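Notes for the one structure printed next.
Letters A, B, ... are given to chains in the order of the sequence lines, protein chains preceding strands, and every chain is numbered from 1. Note that the structure is predicted; figures quoted are calculated from it, not measured.
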Amino acid sequence: MQMWIYVVRRAILLVPIIIGVMTITFALVSSLPVYDQLLAHYGQPPKLRPWLYQDTVPCSVLGENGTGMCHNFYRDQLLDKLGLNQPLPVQWGLYMIRSFTFQWGTVNNYSTAGQSVPISKGQPVTTVLSWFLPYTLELALLALAIILAIAIPLGNLSAVYRNRPVDQASRVMSFSGYAIPAFLLGSLLLIGIVLGVSSVAGSVVHSPWCPNGEPWYNEFTGSWPQQLCFPNQQYPSWLKSGVISSPTGFPTVDAAIHGQWWLALDSLFRLILPALVIAFGTIASLLRFVRNSMLEVMNLDFVRTARAKGVPEKTVIKKHAGRNSLNVTITVLGLTFAFFIGGFPVIENVFRLNGVGYILAISVNMANYPIDFALVFGSTLLFTFILVSANIIVDVLYAYLDPRVRLG
Amino acid sequence: MTASGGANIPAAIATPTRRHRPSPRLDQWKRTWHFLRRNGLALFGLAVIFCLIGVAVYALTTPIPWDQLTECYGTNNQVITFHEIGLPVGLAWSVTIQNTTHDNVGTDVNFSLASGPAYAYTVTPPGGFNAKPASGQVAVAETPQTIDIKFSQGVGGVPVSPPAVSSSASSGPLSCTVCTYPTGTPSPGPNCYATPKGLPSLINPTISLSPLVAGPLPFGALTVTPENAYFYNLFNGLLRGSDYSLLISVSIVGVGAMVGLVVGAVSGYWGGVVDETLMRLVDIFLSIPQILFVIIVIAVVTEDYNTVLGLSPLATRVFLLIIGFMVVWWPFYARLVRGQVLVVREQKFVEAARASGASKGRIVLRHIIPNSMYPIFIQMSLDVGTVPLLTAFLVFLGFRIWPYVYFPEWGTISALATQNVLGYLGECATGTCSIPWWQLFFPGLALFLFAISVNFLSDGLRDALDPRLRR
Amino acid sequence: MATSGASVAEYPVPTEMPPAPEVEGPPAAAGASDHGVVLDIRDLKTYFFTYDGVVRALDGVSLKVRRGETTGLVGETGCGKSVTAFSVTRIIPDPPGRVISGKVMFGKANLLWDLENEAKFIPIKGTNRVKIKRSFRRIRASAERLSSIRGKSIATIFQEPSQAMNPIFSVADQLGEALILHEGTKVIDELLAANPRSPDVGAAIEALVVAAQEGDRDTMRAKAMAVGAAVNLTSFGRQAFYIARAAGADTESIRPSVLRAMKRLRLSGFQRGYLASQRRLIAFHDDLNQVHINEMVEGKSNRAGRRRLARRTSRERMTRFYYGIRGVHARVDKPLKEELFWRVVGLLEGVSIANPVQVARGYPHELSGGMLQRVMIAMSLSAEPAVLLADEPTTALDVTIQAQILELMRDLKTRVGTAIMLITHDLAVIAEVADRVCVMYAGVIVEQGPVHEVFRRPLHPYSQGLLASIPRVDQPNKELSSIPGSVPDLIRPPPGCRFHPRCAYAMPVCKQARPPMTSEGPEHEVACYLYKGPVAPE
Amino acid sequence: MDDGSSPIVVSARNVRKYFPIRAGLFSTRIGDVRAVDGVSFDVHEGETVGLVGESGCGKTTVGRLLLRLIDPSSGHTFYRPPAEVEERLDELYARLPTTSEGDGAAKATSADAKAALKELDQLAHQYSLYRKSPRQMRTIRGKLQIVFQDPFSSLSPRMLIRDIIAEPMTIHHAGSRAERYRRVAELMRDVGLNPEHEWRFPHEFSGGQRQRIGIARALALRPEFIVLDEPTSALDVSVQAQILNILKRLQAEQRLAYLFISHHLSVVRAMSQRVIVMYLGQVVERAPTEELFSRPLHPYTQALLSAIPIPDPDLKRERIVLKGDVPSPAAPPSGCRFHTRCPAVMPICSTLEPVTIQVRPGHFVACHLYPAPSATLEGAAAVPSSPPPLTAA
């Protein structure tokens with residue numbers, strides 16, 4: 001009961017944070033030229049009126065004082081609707097309302113060059129994101145599972161066997177996690193696997209479950225098999241153009257729902273490598289903290305008490321020390337979650353996975369201009385929401401683990 | 001402890017058994033050094049860092065303009081620029097030469113073509129506009145040239161008149177020093193390298209065994225430009241890159257730590273409303289996805305590569321990089337420092353200082369900050385290693401510190417290399433595979449060495465400075 | 001916390017002497033001086049290996065702890081009192097600390113067996129540091145071996161009760177853990193033996209209700225215990241009592257709530273299976289402890305036996321896991337938890353805590369220091385150990401609370417008959433509770449003897465100095481004389497008698513060799529050259 | 001109010017310190033921890049006043065209040081008030097209605113009381129420590145110093161000993177650098193430290209030596225009044241004796257006034273001329289040392305005295321063992337705060353809060369066992385001058 005008070009209070013504290021983040025994004029958005037803002041909200045101007053967002057339009061031969069251009073009144077209407085000619089505070093309020101009511105603008109100049117992504121200009125950003133969110137979530141959950149499964153036991157071990165081989169190994173691992181950028185690691189893994197297998201088996205190998213012979217190395221990139229692996233060589237109806245699966249959007253779940261077990265396995269298999277790569281960095285930073293907090297806890301009095309009580313050493317470490325150091329782990333995990341999320345665009349880009357990160361990576365890619373600001377800001381908002389909800393979860397866990405927090 | 005003095009104590013005990021005037025700070029350093037010495041990894045890190053600093057200093061002392069690091073292959077490529085006139089901002093148009101279409105970057109479309117024949121080009125205007133000239137011929141001469149394209153509204157339009165060709169010194173290389181030729185064919189001349197497919201990016205590392213000459217391309221080459229027109233000397237790049245990388249990371253971490261220290265100390269010591277507001281601010285910045293934030297800041301501010309504060313475009317983008325990271329960096333330090341300060345503030349010696357009338361400023365400066373410094377140092381040394389990695393993230397996501405021109409910074413190089421190498425993956429799996437391993441290996445190694453040695457060092461320092469772990 | 005009610009006399013706890021297991025009893029041929037010796041520490045050396053050098057924290061300490069007696073260990077900070085206690089059960093953090101040599105005879109078992117094989121010491125020349133080569137296998141083995149003694153036979157209570165308890169587990173959990181470790185089989189057997197369907201339960205409950213209506217605390221308790229007897233489970237009687245007490249005025253609510261409480265005794269098949277398997281596990285654990293003890297008695301390791309038990313244990317774990325998973329819906333572990341809870345309540349009553357139920361539910365950070373110290377004592381006495389090592393149990397407490405705790409300890413000594421080794425820097429406390437006292441200085445015992453002897457005529461100059469420097473309430477205008485200087489650092493201890501730099505009677509000989517223990521008067525021994533008595537038999 | 005021949009250095013009047021307790025969803029203030037609840041006493045020049053009580057009874061808070069290290073909720077502390085002001089204050093406080101809630105202000109209804117309160121405010125404005133401006137405060141702080149209990153956290157680990165001791169002088173710009181360090185040397189000699197140790201860091205010293213350093217720092221500005229906050233409770237007995245002797249010597253030499261805070265009655269007896277016994281933030285008994293220890297009146301004092309272990313195994317005495325713990329100052333018991341543990345509790349105790357009366361010259365007690373006809377010396381004659389028999393638990 002006390003715990004709920006605590007959690008609710010934390011949740012209330014999160015409101016100003018969300019608003020603050022929104023304000024920052026608002027500042028960025030409103031620093032864009034008006035043209036881009038209109039573009040971001042309404043998408044591309046219709047083919048017939050390409051001049052819609054410009055302040056002046058060519059009108060008569062003379063026009064205003066003979067420039068051949070006159071004021072664009074259509075644009076003024078748009079501005080009014082968006083409130084862009086209001087004073088900033090009002091704009092801020094409108095922006096808040098829009099972002100909380102999920103009016104995040106329209107896809108405008110998302111360049112699908114070279115991508116098999118069925119995004120067409122003019123779609124609302126939220127729908128696009130809602131297609132791709134589940135995939136990212138599945139990836140994230142897998143990665144988190146890996147992190148927890150590796151970091152905590154390894155950290156405890158290296159604290160218990162301080163300066164012994166286990167410890168040294170785990171420390172080197174954590175160091176290299178700090179030192180290798182994720183995309184480098186990912187591509188190294190890919191190349192390593194490809195080179196290794198191709199040197200062993202040549203190129204004739206096919207995916208076991210691809211009757212028409214998909215080259216095996218496609219198993220490691222892309223989130224679905226190629227078209228030719230499917231019955232009568234095209235994607236089933238629930239797999240929209242081989243990218244978006246329905247109804248849930250979680251690839252494994254969907255495949256399982258439609259009873260295609262090999263497909264479910266396949267999609268899971270495609271997630272494992274990226275998840276490992278994403279997890280690696282976080283594990284590195286987590287290991288360090290787990291180890292240190294464990295070292296601290298092991299020096300505390302109550303551990304000595306437990307020993308003096310006659311509790312076997314294993315239990316002392318797992319129960320008495322481990323549970324106490326878990327709080328620190330949770331906190332650090334919450335803190336590093338932002339960086340954890342930041343890794344997704346890159347990794348999904350390396351492995352060509354159709355997640356939000358991939359969309360973001362493409363839409364923000366300054367190599368192919370201009371940027372699709374609607375998508376960029378949309379996905380940023382999305383990530384922020386994810387982050388905040390993660391914080392709440394962390395708080396709940398923390399309160400659950402530590403009675404001192406729970407009971408105030 | 002030697003025995004204490006005291007009113008009724010024999011002098012034999014009272015006088016210390018130490019040398020007359022010890023210098024305690026020296027003792028502390030000795031003690032730290034002793035523990036650092038026992039830690040092989042830390043020593044390794046120290047050595048590597050010293051080497052890198054040396055390299056950076058060397059790179060600074062012998063400056064080479066960064067744009068001359070690029071070398072073109074073939075004999076005489078030139079840049080042809082199509083310049084747009086009278087088109088509203090943000091509309092996309094493109095030019096096609098020999099079935100290759102380039103979209104506009106801002107107001108220009110760039111091509112890099114080998115000289116010789118005259119190329120036919122066609123302009124694709126945005127809907128509702130028509131261009132003059134809509135198509136034409138351009139002959140590549142010895143100098144780069146710019147063709148102005150005028151756009152106008154309405155249908156029909158004016159008959160095509162020969163384009164106004166104006167010559168201008170645009171950025172990019174002007175001289176070709178190196179050339180490549182397909183393996184098996186005779187070498188066209190000096191300074192030419194044999195490559196499997198005539199691709200410059202596949203020039204192998206050439207370590208010549210003569211002790212003095214390191215070969216023209218000791219680390220091999222790397223191709224970055226869109227048309228594969230230019231390739232870059234990895235060795236030079238990494239060499240030049242050292243000082244850029246160090247400067248960027250050190251300045252980011254330094255500035256961030258400064259801000260964090262001040263904010264953390266203030267909010268920790270003053271407490272109350274100040275603390276609350278500052279910490280909420282910190283929370284806000286902590287709940288932005290950092291990398292994305294930096295990307296967006298740069299993307300928004302430098303859309304179309306405009307500049308700020310009258311800096312040069314390059315300086316603008318480096319500056320923005322630093323600022324962007326700084327903005328997302330300080331909150332971590334602020335939180336760290338605050339935690340420390342909250343501990344130190346409760347110590348009795350702070351109260352003693354207040355009891356003898358010390359002002360808040362003095363307490364913060366003389367007591368709080370000195371006693372909460374060490375963890376900050378450790379964290380800083382950790383982060384210095386991490387920054388180039390994050391820069392690499394940005395570049396990988398398409399951020400270019402300098403567009404179309406090779407910018408010597410480790411993160412940039414490794415990211416570009418990765419993208420480049422990933423392109424070869426497909427053909428690689430077919431067995432007939434020649435992956436330019438050096439393009440991943442050397443930049444990756446540079447990043448890895450830097451980060452890991454900094455990590456080793458800071459970890460060693462932490463252990464050496466932490467009295468509890470002193471065993 | 002404890003505001004009214006419970007005094008010690010009210011709830012008797014089992015008063016028989018601690019069971020003397022075949023290995024724990026006093027040596028058969030016990031000399032006059034060795035009568036009832038439970039713990040015999042001989043020439044114990046414990047060093048700490050730090051950056052500055054080897055700290056000789058204990059340098060040859062010998063003392064005996066006798067059954068039913070309180071042996072006081074007194075001295076200034078850093079003289080190695082606590083280290084002595086912790087060296088007995090080896091709960092010294094390693095690194096930096098290691099027990100170097102010596103014997104700790106607990107009955108026939110030598111707790112420091114296999115000590116010399118655990119680590120080799122290679123001095124680094126030029127410095128006064130030492131490199132240690134540890135054999136981690138042996139160290140782990142000896143740790144396991146000692147965990148069979150810790151808590152069960154030799155219990156310890158610590159100085160800072162608030163830090164000595166695990167902050168994230170409730171008091172009931174932590175005491176319950178101790179219970180299940182030491183009395184597990186007994187607990188489960190009794191739980192399985194309970195029969196809630198016995199005919200005379202109803203009558204007993206009625207009686208309880210009647211007693212509650214009369215409202216007399218003691219008869220109510222008696223009747224509640226009768227209920228417990230009816231279902232053949234004492235702890236349930238206790239539960240019934242507290243239900244009745246909580247019911248207060250509306251005595252009608254007692255009947256249904258007692259019946260509801262009785263649900264926990266109606267065990268389903270799964271629960272029984274789970275309990276049985278749990279019991280087998282604990283039994284294996286006890287066997288393992290026995291093996292360990294035998295190892296220490298016979299002085300040779302019995303790896304085969306340990307292996308066999310380990311195999312059985314792991315197999316049994318699978319069984320319990322099965323019951324745990326299959327029986328999740330049945331909450332298989334619930335009955336044991338509740339049983340433990342009510343036994344814990346019983347333990348807390350034993351240390352005269354007035355509201356044991358709340359305390360048992362509470363977490364350490366909710367309880368006051370005095371309360372926590374009681375809980376610690378209850379925990380350490382849960383297995384009725386032969387020896388209780390009390391490390392400054394009252395230093396962190398207020399005078400009035402200290403008085404309570406001392407009363408409690410004195411009482412427990414007489415009732416449970418545990419041998420107590422009381423460590424404190426406060427001579428007054430020693431004078432209050434101890435029967436014999438050892439005065440330590442800089443890692444050696446300088447004087448020991450019966451408390452009256454030592455306080456009436458302290459022999460060693462250090463003891464005299466200590467006594468002289470205490471400000472006394474009963475002697476206001478006694479001006480405080482102080483011992484000059486402070487405890488020497490034990491890395492470079494003074495040669496010869498370690499006290500000579502601070503000693504007023506220092507003689508040349510004091511600088512040369514350590515004085516032997518000479519016995520002055522009955523069992524009164526002192527290590528000082530001022531006394532020429534017969535050398536003590538050590 | 002205490003008849004002291006020598007002038008008063010510091011006098012506290014009706015000082016209260018409540019720490020708010022916040023809880024609930026919006027961390028609303030649900031109550032107060034009444035750390036100090038209406039404490040009044042004087043400290044005269046060159047005397048030592050002992051302040052005893054169990055942990056959590058507000059001893060330390062009183063010490064910090066006297067130095068204005070924290071600001072009080074109400075009440076005043078006066079530094080060297082002129083004699084006439086002193087007397088005037090007493091009259092005024094006498095005219096105020098005695099109450100447990102806050103200052104008299106709340107219940108000051110009668111015109112007389114209002115006037116008294118007004119004048120009190122004016123006086124406070126002139127003389128109260130809590131009304132001084134920061135600049136005035138800085139000058140005064142030199143005269144009021146403190147020595148802390150924990151010798152390990154009271155010295156900054158990153159400063160040299162010389163700098164630690166010199167710091168107060170540095171803050172007050174007392175003399176040149178050279179002079180300061182010369183003074184540091186002599187201070188170290190005063191407290192029995194070897195001046196050569198000034199080049200060391202605190203962690204190189206033992207507890208006793210650190211405590212000496214702390215004392216030297218407190219003496220640096222030649223103070224008149226030092227709060228000794230359990231200066232020896234972290235030390236060994238032998239070292240404790242050294243420190244106590246040093247303190248006594250310094251007092252004799254420099255005519256210092258001490259407030260000696262301790263939970264150790266025997267030490268207090270050895271050190272102080274007058275003793276104040278606190279329980280749950282209130283003064284329960286206040287008397288000259290000898291008087292208090294020979295004739296303790298308040299049951300709590302008696303319990304304390306009998307709880308002290310005496311280092312003499314032969315001396316057996318029946319002792320009063322109090323039941324339970326100190327109640328939390330967040331929810332102090334109604335009426336007399338001691339009644340929950342009092343062995344001689346009466347029905348009235350739980351309802352009515354006893355007033356402090358003077359039983360014998362300078363001996364004040366707040367307990368219903370000693371009914372107050374009126375807090376005068378005549379009245380005191382009627383009061384039983386010896387403690388009534390108590391039933392030991």
Would you please go through residues 215-233 of chain D and name the residues with a non-hydrogen atom below 4.5 Å from one of chain B, in numerical order?
->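 Within residues 215-233 of chain D, the residues that come under 4.5 Å of chain B (heavy atoms only) are D:Arg217.
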
Heavy-atom contacts under 4.5 Å, residues 173-189 of chain D to chain B |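 Result: none.
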
Assign the ring pair D:His76 / D:Phe78 to parallel, tilted or perpendicular, where the plane angle (0 to 90°) is split at 30° and 60°.
-> tilted

With under 30° as parallel and over 60° as perpendicular, where do the rings of D:Phe205 and D:His197 fit, or are they tilted in between?
-> tilted

Taking D:Asp190, D:Ile146, D:Leu155 one by one, which has the highest count of heavy-atom pairs under 4.5 Å against chain B?
-> D:Leu155

Based on non-hydrogen pairs under 4.5 Å, which of D:His172, D:Glu167, D:Lys143 is most in contact with chain B?
-> D:Glu167

Polar side-chain atom of [X] near backbone of [Y] as donor-acceptor pair, under 3.5 Å:
X        : Y        : value
D:Gln240 : D:Val267 : no
D:Arg162 : D:Glu198 : no
D:Arg210 : D:Pro202 : yes
D:Asp236 : D:Ser238 : no
D:Lys59  : D:Leu51  : no

Side-chain H-bond candidate by donor/acceptor type, B:Trp270 with B:Asp275, under 3.5 Å =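 No, no side-chain donor-acceptor contact under 3.5 Å.
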
Donor on one side chain, acceptor on other, D:Thr48 and D:Gln251, under 3.5 Å | yes

Between [X] and chain B, which part of the residue has a heavy atom less than 4.5 Å away: side chain, backbone, both or neither?
X        : answer
D:Leu69  : both
D:Thr139 : neither
D:Leu144 : backbone

So what's closer than 4.5 Å to chain D heavy atoms on B:Arg362: side chain, backbone, both or neither?
->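 Looking at B:Arg362, just its side chain touches chain D.
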
Side chain to side chain contact (heavy atoms under 4.5 Å, CB included) evaluation trace for D:Tyr258 with D:Val49 | CA-CA 6 Å; D:Tyr258 290 149; D:Val49 175; over 6 Å; no

Ion pair present between D:Lys17 and D:Asp71, side-chain N to carboxylate O less than 4.0 angstrom?
->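 No.
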
To the nearest 0.5 Å, tell me how far D:Tyr79 OH sits from D:Gln136 CD.
->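 If I round to the nearest 0.5 Å, the distance is 12.5 Å.
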
